[in-house]
Engineer: 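A single structure is presented below for examination.
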Amino acid sequence: MASDSSIPTSRDILIIGAGELGMPVIRNVVRRAKDVEGSSVSVLLRAGAITSTAPDKQRDVAEIKNLGVKIVEGDLVKNTVDELAAIFADYDTAIGCTGITAGLETPMKVAQAALQASVPRYFPWQFGVDFDVIGRGSPQDIFDSQLDVRDLLRSQDQTECRRTQLRPHLRTDE
């Protein structure tokens, strides 16, 4: 991993997704970003989410705008790695909040795009589950996909990743 001194303070932050996980992350990142001069927060949303007539989507988009968060259009499934990397390149921090509904290939695609864009700090969607403890071959195929993402991120040192989630599991009884 890159050393802490080589990673600048997060000023341009992209949150990927604004669903059940993304909205609380957006609210908290905006609250914390107010303490960092010159910071900005953006959220990547599909075109369909931005223009949806569903009341819950309209409510979330309105809240995002009221928080001062810039909406960036992109689609993790339809866009290529190159297209996503072009979007990610404008940010020094990217936080994945898509959850498991984006598909098995999407976590790797997003990680590859973050690395290709040379995003200095990337937090993959891996909240709440220690995939190293579960291991490969579980009934949840997405867990193997997440382990593949961990392997990719651990194999490089240009992008800082969420260390507590990406460090191999350490047991105190060994």
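These numbers come from the heavy atoms of this one structure, side chains and all, not from hydrogens, waters or symmetry mates.
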Engineer: Could you state whether Met23 and Leu21 fall into the same hydrophobic cluster, counting links through intermediate Ile, Leu, Val, Met, Phe, Trp or Tyr residues with side-chain heavy atoms under 4.5 angstrom apart?
Structural biologist: yes
Engineer: Hey, could you give me the CD1/CD distance between Ile87 and Glu73, rounded to the nearest 0.5 Å?
Structural biologist: 8.5 Å
Engineer: Taking all atoms of both residues into account, what is the closest heavy-atom pair of Phe88 and Ala114, and its distance?
Structural biologist: CD1-N, 3.6 Å
Engineer: Could you report the tightest heavy-atom contact between Ala113 and Ala85, atom names first, then the distance?
Structural biologist: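 Of all heavy-atom pairs spanning Ala113 and Ala85, the closest is O-CB, 3.6 Å.
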Engineer: So which heavy atom on Glu83 is nearest to which on Asn79, and how close?
Structural biologist: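 It is OE1-CA, 3.1 Å.
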Engineer: Would you give the length of the straight line joining atom CD1 of Ile13 to atom CZ of Arg11, rounded to the nearest 0.5 angstrom?
Structural biologist: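 Answer for the CD1-CZ pair, Ile13 versus Arg11, is 10.0 Å.
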Engineer: Could you note down all residue pairs passing side-chain hydrogen bond (donor to acceptor under 3.5 Å, both in side chains) where residues 35-59 supplies at least one of them, sequence neighbours left out?
Structural biologist: Asp12-Ser40, Ser42-Tyr91
Engineer: Within the structure provided, determine whether Val119 and Asp92 are in side-chain contact (heavy-atom separation under 4.5 Å).
Structural biologist: no
Engineer: What is the distance from atom CG of Leu14 to atom OG1 of Thr93, rounded to the nearest 0.5 Å?
Structural biologist: 9.5 Å
Engineer: Could you check if a side-chain atom of Leu84 sits within less than 4.5 angstrom of a side-chain atom of Leu76, using non-hydrogen atoms only?
Structural biologist: yes
Engineer: Using modelled atom types only, decide if a donor and an acceptor are shared between the side chain of Lys109 and the backbone of Val77 within a distance under 3.5 Å.
Structural biologist: yes
Engineer: Walk me through it: do Gln116 and Asp82 pass the test side-chain contact (heavy atoms from CB on, under 4.5 Å)?
Structural biologist: CA-CA 8 Å; Gln116 183 175 316; Asp82 290 342; 2.7 Å; yes
Engineer: How long is the straight-line distance from CD1 of Ile95 back to CG of Leu44, given to the nearest 0.5 Å?
Structural biologist: 13.0 Å
Engineer: Closest heavy-atom contact between Val41 and Val29?
Structural biologist: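 Scanning both residues completely, I find the closest heavy atoms to be CG2-CG1, 3.8 Å.
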Engineer: Going by heavy atoms in the side chains, are Val110 and Tyr122 under 4.5 Å from each other?
Structural biologist: yes
Engineer: Taking all atoms of both residues into account, what is the closest heavy-atom pair of Cys97 and Gly17, and its distance?
Structural biologist: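 Of all heavy-atom pairs spanning Cys97 and Gly17, the closest is CB-O, 4.1 Å.
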Engineer: Any chance you could measure Ile50, atom CD1, to Asp60, atom CG, to the nearest 0.5 Å?
Structural biologist: 12.5 Å
Engineer: Applying a strict under-4.5 Å side-chain criterion to I, L, V, M, F, W and Y, I'd like to know whether Met108 and Val81 cluster together.
Structural biologist: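 Looking at the clustering, Val81 is in a separate group from Met108.
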Engineer: Do you know which two heavy atoms are closest between Ala18 and Ile26, and how far apart they sit?
Structural biologist: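 Heavy atoms of Ala18 and Ile26 come nearest at CB-CD1, 3.8 Å.
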Engineer: Under the salt bridge (Lys or Arg N to Asp or Glu O under 4.0 Å) test, which residues partner Glu63, sequence neighbours left out?
Structural biologist: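 Once residues adjacent in sequence are excluded, the partners of Glu63 under the salt bridge (Lys or Arg N to Asp or Glu O under 4.0 Å) criterion are Arg27.
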Engineer: How many angstroms lie between CG in Leu45 and CD1 in Ile16, if you round to the nearest 0.5 Å?
Structural biologist: 11.0 Å
